[in-house]
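A short worksheet on the structure shown next.
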Amino acid sequence: MDSKEISAFQQQLQDWYGINQRELPWRHTTDPYRIWVSEVMLQQTQVNTVIPYYYRFIERFPEVAGLARARSQAVLKSWEGLGYYARARNLHKAAAVVDSRYGGRVPDDWQDFTALPGVGPYIGAAVLSIAYSHPYAVVDGNVKRVLARVFEDPTPVNGSAGHGAFRRLADSLLDQSRPGIYNQALMEVGALVCKPANPRCADCPINTFCLGNRHGSLDRYPQRNKRKPVPEIRIAAGVIRRNGRVLITRRKPEGLLGGLWEFPGGKIHEGESAETACRREIKEEVGLNIVVDAHLTQVRHAYTHFKIVLEVFLCDHVDGNVRLNGPVDHRWIKIEDIDQYPVPRANLKFIPKLRVKKPEVFNE
DNA sequence: AACGCGGGGAG
DNA sequence: CTCCCAGCGTT
């Protein structure tokens, strides 16, 4: 596109956005902190999922200082069920830096802001353009999909080569005078019109510029590298009852589901029964001898790189005191107090069954 | 450059 | 069920 076409592209995009943009809670604020929180949540996560979390998080942590001083447990509880918990841990750490080093003001300099934990090129460009009107083009999944179609760009969007290619394209198209509006308009077109499946080209404000639309080649873009098949892992977990309480353990602070609480258990070995694995894992992980009383339920859950089938057992404590090998903390809790602890989604799927069964199950 | 990291929606 | 989606940090 020449400069005249680029101007028209920018104008049509923003005119459309003025009329068709969704009403979203983070579009009613100019507070850089709130926009930052929204962008962290929106990373890898769809708008409709984020909305209730955003309201609760902002109500609980309305400003940087409060978040900076909060306990890790409280921050994770606010994030419970949203996934990618490193986002919450990094946001928490970053808030402490903003509070202490920048007096609570979110830095508006690229180097300063993107040096914060969890702030990369996307969140950097999004927050600096939307909150501070700095001319950085966002390049997220929506933008890459739209640009791949408009320019029939065969660069795989999920490969490392795509980084520079789509970055250069996005930079060349950015409206330097209104970068925040322009960036949001382009992403909104990706979300509402130029969708992954069944794009609504007739309603698209930039369809006249789009080579994919003109040539009928949309179904070939964006191109992507094949993903690897995900293995399925069987897990046994035990709800260990003792004196009307149950045992939960806390995962180490980093890595998968870092810092969350769960019922102890682990992988079922090849050729091993689920019950045996449950007894073995609990002996190894928390040092307790238990008996398996009943099979409560089976839960299937998909992660990014593997799937699990979780066999959940009701168990009774026989003897031994808790000696942790893996987990970093433990509690004997009343089942109704589980709400106070952040737990993984896979655990949330069977906890309601525990509460319903409480009278018969916790009859000590 | 490749991998680890959750969860939700569409079909 | 299966397939699709996707920024940042670590290695």
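Order of the sequence lines sets the chain letters (A, B, ...), proteins ahead of strands, with each chain counted from 1.
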TODO: Hey, can you tell me if A/H301 and A/Y303 have their rings parallel, tilted or perpendicular (30° and 60° cut-offs)?
DONE: perpendicular
Task: Aromatic plane relationship, A/F9 with A/F209 - under 30° parallel, 30 to 60° tilted, over 60° perpendicular - done: perpendicular
Pick the [atom1] atom in [N] and in [M], then give their distance to the nearest Å.
N: C/dT11; M: B/dG6; atom1: P; value: 15 Å
N: C/dA6; M: B/dG11; atom1: P; value: 15 Å
N: C/dC5; M: B/dC5; atom1: C1'; value: 14 Å

Ignoring the backbone of [X], work out which of [options] is nearest its side chain.
X: A/I123; options: C/dC8, B/dG7, C/dA6; result: C/dC8
X: A/D140; options: B/dG6, C/dG7, C/dC1; result: C/dG7
X: A/Q43; options: B/dG8, B/dG6, C/dC8; result: C/dC8
X: A/L256; options: B/dC5, B/dG8, C/dG9; result: B/dC5
X: A/N142; options: C/dG7, C/dC1, C/dA6; result: C/dA6
X: A/P121; options: C/dC8, C/dC1, C/dG7; result: C/dC8

- [ ] Hey, which sits more toward the 5' end of DNA chain C by its nearest nucleotide, A/Q46 or A/G124?
- [x] A/Q46
Measure from [atom1] on [X] to [atom2] on [N] and round the result to the nearest Å.
X: A/H301; N: B/dG6; atom1: NE2; atom2: C1'; value: 6 Å
X: A/H92; N: C/dC8; atom1: NE2; atom2: C1'; value: 19 Å
X: A/K144; N: C/dC5; atom1: NZ; atom2: P; value: 12 Å
X: A/Y53; N: B/dG7; atom1: OH; atom2: P; value: 8 Å
X: A/F166; N: C/dA6; atom1: CZ; atom2: C1'; value: 14 Å
X: A/Y303; N: C/dC3; atom1: OH; atom2: P; value: 20 Å
X: A/F306; N: B/dG6; atom1: CZ; atom2: P; value: 8 Å
X: A/L82; N: C/dA6; atom1: CG; atom2: P; value: 16 Å

- [ ] May I ask you to establish whether A/R242 and A/W332 are in a cation-pi arrangement, using a distance under 6.0 Å from NZ or CZ to the six-membered ring centre and at most 45° from the ring axis?
- [x] yes
At less than 4.0 Å, is any side-chain N or O atom of [X] found next to OP1 or OP2 of [N]? Yes or no.
X: A/N198; N: B/dG11; answer: yes
X: A/K307; N: C/dT2; answer: yes
X: A/Y84; N: C/dG9; answer: no
X: A/S160; N: B/dA1; answer: yes
X: A/R89; N: B/dC5; answer: no
X: A/H305; N: B/dC5; answer: no
X: A/R145; N: C/dA6; answer: yes

Base, sugar-phosphate, or nothing: which does [X] touch, judged by heavy atoms less than 4.0 Å apart?
X: A/A197; result: nothing
X: A/G81; result: sugar-phosphate
X: A/L91; result: nothing
X: A/N48; result: nothing
X: A/T304; result: base
X: A/V157; result: nothing
X: A/R300; result: sugar-phosphate

- [ ] With A/R280 as reference, evaluate A/E285, A/E275, A/E272 under the side-chain hydrogen bond (donor to acceptor under 3.5 Å, both in side chains) test and give the passing residue.
- [x] A/E272
Open item on the list: Assess whether a salt bridge exists between A/D293 and A/R241, defined as any Lys/Arg side-chain N lying under 4.0 Å from an Asp/Glu carboxylate O.
Closed with: yes
Task: Salt-bridge criterion met for A/E80 and A/K77 (N-O under 4.0 Å) - done: yes
TODO: Applying side-chain contact (heavy atoms from CB on, under 4.5 Å) between A/C194 and each of A/I206, A/N213, A/V146, A/D203, report the one that passes.
DONE: A/V146
